[in-house]
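Single-structure report; data block below.
Within every chain, numbering begins at 1; the chains are lettered A, B, ... in the order of the sequence lines, protein sequences first and strands thereafter.
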Protein chains: 2
Amino acid sequence: MPESIPLTDLQIELMRALWSKDEATVVEVHQEISKQRDLAQGTIATLLNRLEKKGAITHRTEGRQFVYRALVSEAEVRRSMLAQVADRLFGGDVPLLIHQLLAEREVSPGDLAEVKALIAERETGTKRKPAK
Amino acid sequence: MPESIPLTDLQIELMRALWSKDEATVVEVHQEISKQRDLAQGTIATLLNRLEKKGAITHRTEGRQFVYRALVSEAEVRRSMLAQVADRLFGGDVPLLIHQLLAEREVSPGDLAEVKALIAERETGTKRKPAK
DNA sequence: TGAGTAATACCACAACTGTAATACTACAGG
DNA sequence: CCTGTAGTATTACAGTTGTGGTATTACTCA
């Protein structure tokens with residue numbers, strides 16, 4: 001596991017912009033972010049810079065523009081951040097966490113069915129999880 | 001909903017110490033934290049101070065000691081942080097989140113059963129969710 | 001070829017975090 | 001009464017974050 005860089009909210013927003021399109025110039029990221037909040041383009045550039053220094057992204061140069069690309073995948077970040085919350089806040093109690101989730105938000109019947117299917121899978125071992 | 005103060009990891013650890021015993025002196029919190037990491041007592045005092053300034057905790061004075069108490073409940077923090085992750089990182093996709101959870105960690109059969117029960121509850125509307 | 005313009009680089013700044021040394025204060029025991 | 005000591009307050013400092021102004025650079029088009 002790549003040693004899981006911790007990301008702040010804003011940083012995650014930037015990463016999302018990159019994840020959503022694989023590669024993006026500063027301007028593109030800026031546009032993406034602008035849908036949510038109003039930051040100067042220079043700010044975005046600085047933030048991307050810092051993310052690069054932390055190893056979360058890279059860039060290549062295309063003409064005079066920088067084209068950024070994520071180095072950590074969305075899946076990795078999801079994994080580590082979720083694990084973080086599950087462990088530190090729920091003491092690893094997965095059912096409790098799921099309970100919280102189901103209790104506090106609208107979940108469509110279709111989604112419930114989906115979750116049930118997931119559980120069935122786990123139970124029958126259909127999708128074998130590598131024996132530890 | 002009390003406007004959900006954001007907490008860092010260390011801060012959550014402090015809060016956990018308080019949550020676990022309802023009230024605690026600086027020394028007690030320090031002892032609790034010492035199980036995990038090695039911080040000076042003065043550091044703990046400073047951190048508790050800052051948490052108080054942010055409104056996450058209060059204290060009363062007992063003799064020359066401060067007895068701290070959490071103002072935000074563990075449940076509230078769980079709620080808001082989980083919502084945070086669910087929304088910002090999973091785009092609100094609860095099944096995806098649960099999938100991640102089940103895929104990445106050991107879940108006992110008992111826990112699976114528990115989760116199934118939760119879902120059944122939701123489905124039958126035992127705990128009625130207000131029709132949207 | 002010169003000027004406008006679009007990009008990035010560089011620098012600044014305040015707030016917050018992690019961490020602790022040091023100073024101050026008040027009680028307990030002699 | 002004086003002093004050790006246990007406890008809190010004050011101050012410090014470096015690193016990170018959020019934010020943006022200003023300087024540079026390098027195309028593009030007349």
Rounded to whole Å, CD of A:Q65 lies from P of C:dA6 at a distance of 12 Å
Report the distance from atom NZ of B:K53 to atom C1' of C:dT17, rounded to the nearest whole Å.
-> 13 Å
Lys/Arg N to Asp/Glu carboxylate O, B:D111 vs B:R105, below 4.0 Å = no
So does B:E32 pair up with B:R16, basic N to acidic O under 4.0 Å?
-> no
Kindly check if the number of other-residue, nucleotide or ligand heavy atoms within 6.0 Å of CG (B:D38) is above 12?
->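 At most 12 heavy atoms, drawn from other residues, nucleotides or ligands, come within 6.0 Å of this atom.
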For C:dT17, take OP1 and OP2 only and decide whether either is under 4.0 Å from a side-chain N or O of B:Q11.
->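 True: B:Q11 side-chain N/O within range (under 4.0 Å) of C:dT17 OP1/OP2.
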May I ask you to list the residues of residues 14-51 of chain A, by number, that have any heavy atom positioned under 4.0 Å from an atom of DNA chain C?
-> A:V26, A:V27, A:T46, A:N49
In one Ile/Leu/Val/Met/Phe/Trp/Tyr side-chain cluster, 4.5 Å: A:M81, A:I5 = yes
So do the side chains of B:E28 and B:Y68 get within less than 4.5 Å of each other, counting heavy atoms only?
-> no
Are any non-hydrogen side-chain atoms of A:M15 and A:E74 less than 4.5 angstrom apart?
-> no
Describe, in one word, how the ring planes of B:F66 and B:H59 are oriented to each other, choosing from parallel (under 30°), tilted (30 to 60°) and perpendicular (over 60°).
-> parallel
If you round to the nearest 0.5 Å, how far is CZ of A:F90 from CD1 of A:I98?
-> 10.5 Å
Between the protein and nucleotides 27-30 of chain C, are there any N/O to N/O pairs under 3.5 Å, and if so, what are the atom names and distances?
none

Check every strand shown and say whether B:K54 touches a base, only sugar-phosphate, or nothing at a heavy-atom separation below 4.0 Å.
->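 Touches sugar-phosphate only.
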Can you pull the contact range of chain A along DNA chain D, 5' to 3', using atoms under 4.0 angstrom from its heavy atoms?
->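 For DNA chain D, the relevant span reads D:dT17 to D:dT28.
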Go through the steps to decide whether B:L82 and A:E104 satisfy the test side-chain contact (heavy atoms from CB on, under 4.5 Å), and finish with yes or no.
-> CA-CA 10 Å; B:L82 183 52; A:E104 298 294 329; over 6 Å; no
From CA spacing to verdict: side-chain contact (heavy atoms from CB on, under 4.5 Å), A:Q84, B:V85 | CA-CA 10 Å; A:Q84 185 95 341; B:V85 169; over 6 Å; no
